[in-house]
There are 2 protein chains.
Amino acid sequence: MADIARLAGVSKATVSRALNRSTLVSEDTRTRILALASSLNYTINIGAQNLRLKQNRTVGVVVPYDAGVRQELSDPFFLSLLGSLADALNARGFDLLLSRVDAEQLDAAATPFDTGRVAGIILIGQWRRHEQLNTLAARQVPMVVWGAQAPQQRYVSVGGDNASGGMLATGHLLAAGRRRIAFIGDITQAEVAQRYRGYCQALAAQGLAPDPQLCVPASFLAQDGAHAVRQLARRGVVYDGLFACSDLLAMTAINTLRTLGREVPRDVAVVGYDDIALASYFHPPLCTIRQPVRAAGEALVASLMALIEGRPAESLQLPAELVLR
Amino acid sequence: MADIARLAGVSKATVSRALNRSTLVSEDTRTRILALASSLNYTINIGAQNLRLKQNRTVGVVVPYDAGVRQELSDPFFLSLLGSLADALNARGFDLLLSRVDAEQLDAAATPFDTGRVAGIILIGQWRRHEQLNTLAARQVPMVVWGAQAPQQRYVSVGGDNASGGMLATGHLLAAGRRRIAFIGDITQAEVAQRYRGYCQALAAQGLAPDPQLCVPASFLAQDGAHAVRQLARRGVVYDGLFACSDLLAMTAINTLRTLGREVPRDVAVVGYDDIALASYFHPPLCTIRQPVRAAGEALVASLMALIEGRPAESLQLPAELVLR
DNA sequence: CTGAAAGCGCTAACAC
DNA sequence: GTGTTAGCGCTTTCAG
């Protein structure tokens with residue numbers, strides 16, 4: 001900026017004003033400065049500007065990883081959520097700083113905030129240790145979390161309506177005449193637990209009780225769909241419907257059912273969750289519960305903006321929708 | 001930092017030294033300052049530190065979008081590449097700033113660099129306008145691009161070996177006895193053009209000539225796989241093999257073949273490209289060309305680090321690998 | 001309308 | 001060992 005000032009024969013102050021389109025600078029000095037700046041590919045240094053203005057137009061998006069697995073960022077649902085966050089932030093003139101933290105050390109998620117890198121944090125992905133989030137919130141870290149609402153939660157969350165999703169999925173299978181419906185998912189995860197609750201409610205509405213033999217634990221790793229189906233086979237339990245808590249689980253489950261000689265949907269009807277892009281290309285057509293990714297990104301960003309500006313923000317549940325295929 | 005200094009009864013300089021683990025500070029003042037800082041959740045403000053040190057440990061990852069479609073960031077291959085970039089950068093203590101630019105305005109990709117936000121740029125995704133990249137490179141923007149090597153390119157690129165990938169895919173189909181092999185892909189894209197070249201070479205090795213009737217244009221949008229298969233049907237052209245330039249195209253192509261009453265792989269054998277996670281769960285099993293995502297992220301970051309540190313960096317091609325399923 | 005000067009939070013000579 | 005001071009690139013009073 002000093003260079004531009006020298007070349008234009010004015011002071012740094014005038015250059016600053018011209019570049020910020022202040023009205024306190026004459027028409028022709030402004031155009032002269034602007035021309036000079038663009039010819040030199042000069043742009044205001046945001047770091048210095050932030051320092052001076054004590055502002056910050058960057059948001060941190062944090063995705064936890066399992067220290068053990070150290071797997072790639074690979075869940076299609078979270079990946080597409082990330083894309084929608086990028087768009088929602090860009091639209092508001094915010095940058096997105098992506099970082100990954102150990103799922104057990106969630107307090108590390110606040111580092112980019114503590115170091116002044118970002119104005120707030122959006123947390124997406126899977127983890128447990130909810131109490132660490134409360135600790136962060138107590139520290140006044142502006143933060144919005146994707147996921148289920150916990151009973152004692154002191155932070156703002158945005159999530160899908162998992163209970164309703166579970167009901168829709170199970171209700172659809174029941175409506176198709178299925179009566180023995182298996183459930184695949186990790187019910188120690190809050191979101192999955194809510195889907196399981198919806199599952200139980202839908203069964204109860206038909207006067208059916210959930211059979212614990214039909215509930216199989218599974219992580220969000222795709223291959224667990226295969227494990228779960230084999231587990232059901234080992235248990236020797238009879239079933240004609242299957243509700244999988246992600247589309248990836250549903251797909252591997254379907255392939256495994258096929259290798260076990262069971263035809264989908266004739267022998268076992270399957271419903272997945274998320275409605276990832278690939279669900280519509282799968283064969284047989286995969287019926288699923290859509291999570292509104294676009295709206296989710298928007299809502300997460302809108303809530304975070306409120307927190308950053310000191311306005312209150314409510315936790316939110318977005319509607320789940322049954323996609324028939 | 002001033003607060004900490006006051007509370008510890010020392011100067012800001014001492015606090016700075018203690019926090020940076022300088023040896024010029026006595027053992028017990030250091031521990032006292034460190035304790036104070038952590039109890040207050042205080043961390044050095046990176047923005048101010050960067051300004052003072054004229055350094056920057058952030059890298060910009062830029063993903064172009066089509067202004068028309070304004071689609072979500074959704075290509076599974078680029079998404080997983082993004083994940084591997086996040087890991088590779090994190091491992092080096094760098095942050096990742098994600099931004100999206102209009103594919104027609106690639107010069108905007110340099111904005112985060114011009115504004116001093118990032119030390120360099122990694123560009124992934126699809127675009128045309130290669131000449132804009134040369135312009136950026138001429139401006140000395142440290143930049144590494146994922147993709148094909150162009151003849152007159154003045155920037156550093158890292159990409160897969162597309163010619164070899166095309167040969168492997170086609171060679172596999174030929175080895176399976178297929179002789180009429182369709183090609184689906186947008187050969188105006190440099191990477192796809194190279195795959196097409198590999199396709200032609202593999203055919204030539206068997207004394208076959210490529211039939212233009214068998215080459216169908218398609219974008220990377222998944223549904224184009226369906227369009228392409230219908231196009232082939234309209235042309236009334238006979239084929240028993242199909243090489244699709246992405247797994248998504250292959251999957252929609254397969255589903256469309258099925259609706260047209262053609263069985264895969266009996267009537268038409270199919271090979272895809274990328275080896276995205278879902279390829280292994282697809283039915284029928286999808287044979288594909290693997291792009292080494294992990295190595296790609298590493299290589300992109302390593303090359304960018306070289307450029308940032310003023311070392312030379314060579315453009316690079318990573319080996320393609322045939323995945324049989 | 002424009003310039004001089006102070007200061008955002010930090011670090012690195014240079015003193016002591 | 002520790003403190004003083006100048007300055008990274010910017011904005012913004014306050015004077016002119």
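Reminder, nothing fancy here: chain letters follow the sequence lines and each chain counts from 1.
Proximity of A:Ser11 to the phosphate of C:dT2: no side-chain N or O atom is located under 4.0 Å from OP1 or OP2. Between A:Lys54 and C:dG9 there is a side-chain N or O to OP1 or OP2 distance below 4.0 Å. Residue A:Thr14 places at least one side-chain N or O under 4.0 Å from the OP1 or OP2 atom of C:dG3. OP1 or OP2 of C:dT11 lies within a sub-4.0 Å distance of a side-chain N or O belonging to B:Ser16. Taking only side-chain nitrogens and oxygens, B:Asn20 comes nearer than 4.0 Å to OP1 or OP2 of C:dT11. Proximity of A:Thr29 to the phosphate of C:dT2: a side-chain N or O atom is located under 4.0 Å from OP1 or OP2. Distances shown here put every side-chain N or O of B:Tyr42 at or beyond 4.0 Å from the OP1 or OP2 atom of C:dG9. The side chain of B:Gln49 places an N or O atom within less than 4.0 Å of a non-bridging phosphate oxygen (OP1 or OP2) of C:dT11.
Contact of the B:Tyr42 side chain with the A:Asp114 side chain is not registered, since no non-hydrogen atoms from C-beta on lie closer than 4.5 Å.
A:Asp107 and A:Arg139 are not joined by a salt bridge, as no carboxylate oxygen comes within less than 4.0 angstrom of a charged side-chain nitrogen.
Relative ring orientation between A:His130 and A:Tyr155 is described as parallel, the plane-to-plane angle staying below 30° on a 0-90° scale split at 30° and 60°.
Enclosure of atom CD in B:Gln55 by more than 12 non-hydrogen atoms of other residues, nucleotides or ligands within 6.0 angstrom is indicated.
Protein atom CG of A:Leu19 is 8 Å distant from nucleotide atom P of D:dT11, rounded to whole Å. In this structure, the CZ atom of A:Arg21 is 16 Å from the C1' atom of D:dT11, given to the nearest Å. Straight-line distance from the CD1 atom of B:Ile44 to the P atom of D:dC8: 20 Å, rounded to whole Å. The distance between atom NZ of A:Lys12 and atom C1' of C:dA5, rounded to the nearest whole Å, is 10 Å. For the pair B:Leu51 CG and C:dA12 C1', the computed distance is 14 Å after rounding to whole Å. Taking atom CZ on A:Arg117 and atom C1' on C:dC10, their separation rounds to 15 Å, with Å as the unit. Per the geometry, CG belonging to A:Asn45 stands 9 Å off C1' belonging to D:dC8, to the nearest Å. Here the C1' atom of nucleotide C:dC10 and the CG atom of B:Asp3 are 14 Å apart, to the nearest Å.
Residues B:Leu53 and B:Leu24 each lie close to DNA chain D; by heavy-atom proximity, the contact nearer the 5' end of the strand is made by B:Leu24.
In this structure, of C:dA6, C:dT11, D:dG3, it is C:dA6 that holds the atom nearest to the side chain of A:Arg52.
In the interface, the side chain of B:Arg17 is paired with the base of D:dG3 through a donor and an acceptor atom under 3.5 Å apart.
Of all heavy-atom pairs spanning B:Gly116 and A:Asn45, the tightest one is CA-ND2, 4.4 Å.
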